[in-house]
Amino acid sequence: MTMRLNVEHRTHYTYNAPVPYGLQQVRLRPKSRPGQLVETWDIEVLGGQVEVAFEDEHANSVDLVSFTPGQSEIEIICRGTVTTEDRAGVVGPQGGFVPLWLFQRSTDLTKPGDGTAALVAATTRQDDDLSTLHALSALVLSRIPYSTDQAAPDLTAEDVITLGHGVCQDHAHVFITAARAMGFPARYVSGYLMMNDRVDQDASHAWAEVHVPSLGWVGFDVSNGISPDARYIRVATGLDYRGAAPISGLRYGLAGEAMSVSLQVQQQ
Amino acid sequence: MLGKTAGGLFWMFRYLERAENTARMIDAGLRISLTRSSAAESEWTAILSSTGLKSAYEAAHGAPDGPKIIDFLLRDPGNPGSVMAGIETARTNARTVRTALTREVWEAVNECYMVLKKLLAQPIADRDLPRVLQVIRQRTAIVRGASHGSMVRNDIYNFCRIGTFFERADNTARILDQKYYILLPSVRLVGSASDNVQWDTILRATSTTRAYQTLHEGETDPRAIAQFLILDGRLPRSLAFCYGKIGENLGFIAQEYDTRHPCHALAETLCHKFKAHDMNAIFDYGLHEFISDFLADSARLGRQIEIDYRFTE
Amino acid sequence: MCRLDGMAKQTQFFDEMTGRGNGPRAPYEDYCAWFKNEDTARLLAKSEEAEALFRLIGVTFNVYGDPDATERLIPFDLVPRIMAAREWAKVAKGIEQRVRALNAFLHDIYHRQEIIRAGRLPAEMIARNDAFLPQMIGMTPPGDIYTHIVGTDLVRTGDDEFYVLEDNARTPSGVSYMLENRETMLHMFPELFSKVKVQPVSQYPRSLRRSLSACAPNACEGRPTLAVLTPGIHNSAYYEHAFIADQMSAELVEGHDLRVVDGRVAMRTTRGYKPIDVLYRRVDDDFLDPLTFNPDSMLGVPGIMDVYRAGGVTIANAPGTGIADDKAIYSYMPDIVEFYTGEKAILQNVPTHRCSDSEALKYVLDNLADLVVKEVHGSGGYGMLVGPAASKKEIAAFRAKLEANPGNYIAQPTLALSTVPILTEAGLAPRHVDLRPFVLVSPDRIEITPGGLTRVALTEGSLVVNSSQGGGTKDTWVLEE
């Protein structure tokens with residue numbers, strides 16, 4: 001089954017004072033790959049300009065955007081059309097130069113602790129890796145139900161386990177941390193999901209991928225209890241949220257920031 | 001050239017000039033306290049005021065006292081405006097802009113610092129003071145000489161010169177600001193005129209006593225002193241001379257870069273004031289007002305140069 | 001009248017002037033002939049003159065954690081270390097081979113990691129290496145050069161025995177001392193240089209400029225603009241940063257002078273922002289770019305790694321080259337050289353025990369009094385144990401550290417480092433030395449300045465030559481053929 005998805009994604013930042021200098025790393029360009037064909041994709045920046053575009057170590061397309069000096073707002077608009085295919089979450093073998101052992105490294109956000117150990121202990125080992133990982137995914141969701149209460153971008157996996165609920169990013173972090181503790185290379189994925197019942201989506205989405213010897217990378221969307229299908233557009237990957245964040249930046253001065261996102265994903 | 005470097009050069013030479021000027025003022029104070037002890041306290045106060053360090057001194061030491069003031073201005077580690085602190089700041093700036101300096105200039109600054117650091121490590125005994133002040137003047141003169149003799153006449157040199165003249169003009173203006181009232185025609189004192197200790201302070205603090213006497217054949221007259229320090233283009237410490245040089249040096253940079261900035265127009269306006277005015281016009285306008293205006297204009301020009309040549313972000 | 005008598009016959013160490021105590025070796029013949037007619041008092045006076053000169057020029061370094069001595073001189077000894085052309089040729093050939101291998105190794109580690117696939121290097125050596133930067137994976141720097149500037153530390157133990165002690169592929173320092181030492185010697189003993197023909201070193205700044213320019217990125221238009229990035233005047237090596245920038249006519253910049261402008265890294269000049277093509281940076285990887293590495297860094301340039309990956313700037317040395325300075329990697333250097341060059345290593349490695357290995361650890365613990373133990377990531381002579389020179393108490397304390405974290409240490413036999421005489425009040429006296437030649441790597445050539453920096457342990461019997469530990473330096477002469 002294939003789908004043709006139209007995306008319009010606007011991220012609008014406003015500041016309570018002019019920003020003298022600022023930069024943002026934008027990881028918002030999906031790439032064509034088996035199961036995902038990017039027909040068109042454009043990024044427009046209002047109140048800033050793209051300085052350089054490059055590929056990072058995970059082969060994500062990154063745009064470095066600078067603020068127009070003295071601006072107090074900046075908007076990044078992505079528009080595009082992507083044809084997707086349901087491959088039951090299977091992404092395939094590791095490409096590029098990143099050695100698989102790198103995906104077993106813990107990061108600040110995915111440092112395993114007692115909470116992770118308890119999750120791993122409670123996961124029923126199945127005959128095949130895939131079933132084990134699905135069991136882990138189900139366990140994470142049952143112990144950490146989806147809730148947007150107290151959502152914060154800097155929660156670590158252990159924080160989330162303690163808190164007992166979370167959003168897609170938190171689920172992905174907990175799942176990655178546990179999968180690594182079980183010996184699997186695992187990574188964070190940011191992207192888009194077309195929710196069936198609506199055009200206006202709340203926010204961009206996040207899930208996890210685990211490398212299993214027989215299949216290569218396989219996706220797990222813990223929050224939705226499934227592997228990604230044709231409704232998913234994969235945009236960027238990294239060891240955790242920080243490595244794959246759609247936008248991460250730095251600015252001079254003391255201006256406070258407010259952000260609003262509007263996202264439409266619809267089938268054509 | 002980096003904007004930071006231009007700023008570093010400008011400040012390096014300002015600090016050197018300031019340290020030298022402070023030494024000249026200490027010399028003036030010392031001379032007055034030796035020869036006219038009754039006037040010493042008020043003259044020391046005037047000197048402190050014109051260095052801008054009066055309140056810092058009072059906070060630390062209270063009432064004006066010759067030896068304390070000398071130590072405060074010369075080397076007190078608690079005084080960031082001391083001669084020693086100025087030399088140290090100049091040298092730190094020199095290290096920052098090391099690549100823009102010739103080896104001669106750098107070595108002259110470094111040696112100046114090393115010599116004075118040793119010389120000023122302890123409070124100076126009265127009998128050693130004249131020699132110490134002489135060493136300060138000599139060491140700063142060597143830096144000036146080294147820059148004259150070894151630096152290419154490009155933007156680097158011009159920023160150094162602008163720093164020097166900026167500080168020097170400021171210094172002359174601040175001394176005049178302290179003493180303007182004794183130069184006013186209305187308060188000319190009949191009879192005692194040629195023996196006015198305050199005129200002496202002004203001329204000594206700017207090290208212009210001899211030059212004044214040579215050019216005015218010994219006749220001391222407040223109006224002539226004002227004329228001399230403000231408008232006389234022959235005197236390297238007069239406001240007119242310093243601003244002539246600042247205008248000239250800014251002009252060279254504009255020529256080298258083929259670009260004029262707002263600071264150029266501002267400098268021209270300021271230079272014009274000296275050309276267009278004679279002493280009568282200044283007295284009519286008000287000497288105090290003229291000097292106050294000058295200090296404000298000069299500060300504005302300093303900020304504009306800093307912006308135009310990107311000393312900082 | 002100076003005499004060589006002070007150099008009593010000694011056989012334990014190889015002395016570069018007198019061999020094993022048999023009078024001047026060939027490279028020193030002319031020097032010794034001159035020296036015999038000199039007067040010790042005059043030379044000691046010259047020595048003071050040299051110190052005054054260094055202080056005036058400002059050839060100083062800052063010692064971390066020593067607020068009272070913010071600017072210190074590295075002691076300079078005026079007896080040169082002299083090598084014959086033929087001795088040098090072999091050393092230079094060995095260094096060139098090693099540096100070539102290092103570059104190939106770095107390229108490989110950040111690409112396919114063939115050496116690991118081939119089973120010649122365990123993956124943990126990279127995975128556990130803090131200097132490995134994932135952000136460099138897949139990145140090929142302009143000209144495919146990773147280590148533009150290398151300072152290989154060598155020690156000599158005999159007439160024809162040289163060992164590599166460290167590779168220093170990250171940011172070797174000391175080149176300013178090599179140049180200033182020579183200038184000082186020329187200034188003090190002009191007559192000596194007319195008697196002894198010494199290969200010059202003064203071409204180094206020009207070579208550095210040429211070598212870095214040859215690695216300019218594609219974005220460069222016209223003549224490459226170079227700059228030296230320093231952490232600032234409080235850095236221990238600030239003098240050297242200013243010196244290098246001055247000598248190669250490049251701007252000396254700090255992080256706050258730089259910005260990303262129109263896709264390039266540009267410096268704020270009096271005429272606006274000007275793009276930099278090649279940045280010789282003396283700022284550590286972690287502080288280089290707050291957007292990619294340590295977000296709290298004030299020393300770096302936000303976005304420089306992005307511009308770098310996009311091909312807009314050359315960073316020398318490349319970020320992530322420090323993996324080659326790791327002392328555990330060092331122990332694999334003979335394999336690394338062989339893997340990438342297909343030749344046996346010309347220069348020997350010091351046999352190295354990796355304490356992460358339990359058998360090696362046992363051996364090291366049993367023989368602490370005879371070994372030199374170093375931290376895997378250490379440098380500057382900090383945190384090391386020189387067994388034969390250490391007290392029982394020091395050894396016991398070090399044993400505890402070693403047992404607590406064996407993976408953090410390697411151990412090597414104590415080498416019989418060669419000596420070169422220094423001038424003391426009592427005349428000549430032998431002191432241990434090492435040698436750091438400086439290597440420049442560009443796509444078309446590897447250039448090694450004849451000689452390098454000789455570091456000397458000024459305390460009798462000491463084997464630690466680091467300036468931070470009280471070592472001094474000497475001028476190093478390679479004679480003309």
Side-chain angles (χ1 to χ4, degrees), chain A residues 19-27 29 45 48-69 94-109 153-154 180 185 187-188 237-240 242-245 247-253, chain C residues 107-117 122-130 132-140 217 219 256 258-266 268 273 275 289-298 300-313 319-320:
Chain A
V19 177
Y21 182 65
L23 291 172
Q24 282 179 327
Q25 269 182 350
V26 178
R27 284 180 171 78
R29 280 187 197 276
V45 181
Q49 69 171 25
V50 174
E51 294 286 349
V52 290
F54 65 100
E55 273 200 3
D56 71 9
E57 68 270 25
H58 296 291
N60 300 313
S61 287
V62 189
D63 295 85
L64 179 71
V65 168
S66 68
F67 289 56
T68 305
Q94 165 69 353
F97 296 116
V98 182
L100 274 177
W101 52 254
L102 193 72
F103 298 100
Q104 283 171 295
R105 271 195 177 177
S106 66
T107 63
D108 289 347
L109 294 177
D154 271 343
R180 285 179 188 153
R187 68 190 179 193
Y188 184 100
T237 63
L239 294 185
D240 61 16
R242 285 182 195 151
I247 299 174
S248 62
L250 164 156
R251 60 185 188 278
Y252 292 0
Chain C
H107 177 97
D108 186 30
I109 288 306
Y110 288 116
H111 292 84
R112 280 185 49 81
Q113 304 194 335
E114 299 287 359
I115 194 168
I116 294 174
R117 290 171 199 246
E124 306 91 74
M125 285 294 129
I126 300 301
R128 295 205 192 120
N129 191 322
D130 288 343
F132 173 74
L133 292 183
Q135 292 85 350
M136 283 295 292
I137 293 172
M139 169 72 196
T140 302
H256 57 83
L258 307 182
R259 265 188 190 183
V260 175
V261 177
D262 296 332
R264 306 292 310 276
V265 173
R268 194 182 71 251
Y273 278 93
D289 183 350
L291 203 56
T292 297
F293 304 121
N294 182 351
D296 301 323
S297 170
M298 305 293 286
V301 188
I304 188 173
M305 281 302 287
D306 297 10
V307 176
Y308 184 51
R309 280 197 80 106
V313 68

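This one's a predicted model, so the numbers in the text were calculated from it and none came from an experiment. We name chains A, B, ... by the order of the sequence lines, and we start the count at 1 in each one.
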Student check: side-chain heavy atoms of C:Leu133 and A:Glu57 closer than 4.5 Å: no
Test side chain to side chain donor-acceptor pair (under 3.5 Å) applied to C:Arg268 - qualifying residues, sequence neighbours left out: none
Contact check, side chains of C:Asp262 and A:Gln49, non-hydrogen atoms, under 4.5 Å: yes
Parallel, tilted or perpendicular, as decided by the 30° and 60° cut-offs, for the rings of A:Phe97 and C:His111: perpendicular
Which atoms of C:Gln113 approach chain A - backbone, side chain, both or neither, heavy atom under 4.5 Å: side chain
Selection from C:Arg112, C:Gln135, C:Glu124, C:Arg259 maximising heavy-atom pairs under 4.5 Å formed with chain A: C:Arg259
Side chains of A:Tyr21 and C:Val260 in contact at under 4.5 Å (non-hydrogen atoms): yes
Pairwise distance CG(A:Leu23) to CG(C:Asp306) - rounded to 0.5 angstrom: 8.0 Å
Set of residues satisfying side chain to side chain donor-acceptor pair (under 3.5 Å) with respect to C:Asn129, sequence neighbours excluded: none
Gap between atom CG of A:Leu250 and atom OG1 of C:Thr292 - 0.5 Å precision: 10.0 Å
For C:Ala310 against A:Ala53, the heavy-atom pair lying closest together: CB-O, 3.8 Å
Residue pair A:Arg105 / C:Pro134, side-chain heavy-atom distance below 4.5 Å: yes
Leading residue by heavy atom contact count with chain C [cutoff under 4.5 Å; candidates A:Gly96, A:Gly243, A:Pro99]: A:Pro99
Contacting moiety of C:Pro290, where chain A heavy atoms sit under 4.5 Å: both
Flag side-chain contact, heavy atom, 4.5 Å: C:Leu291 against A:Leu64: yes
Over 12 foreign heavy atoms within 6.0 Å of CZ, C:Arg117: yes
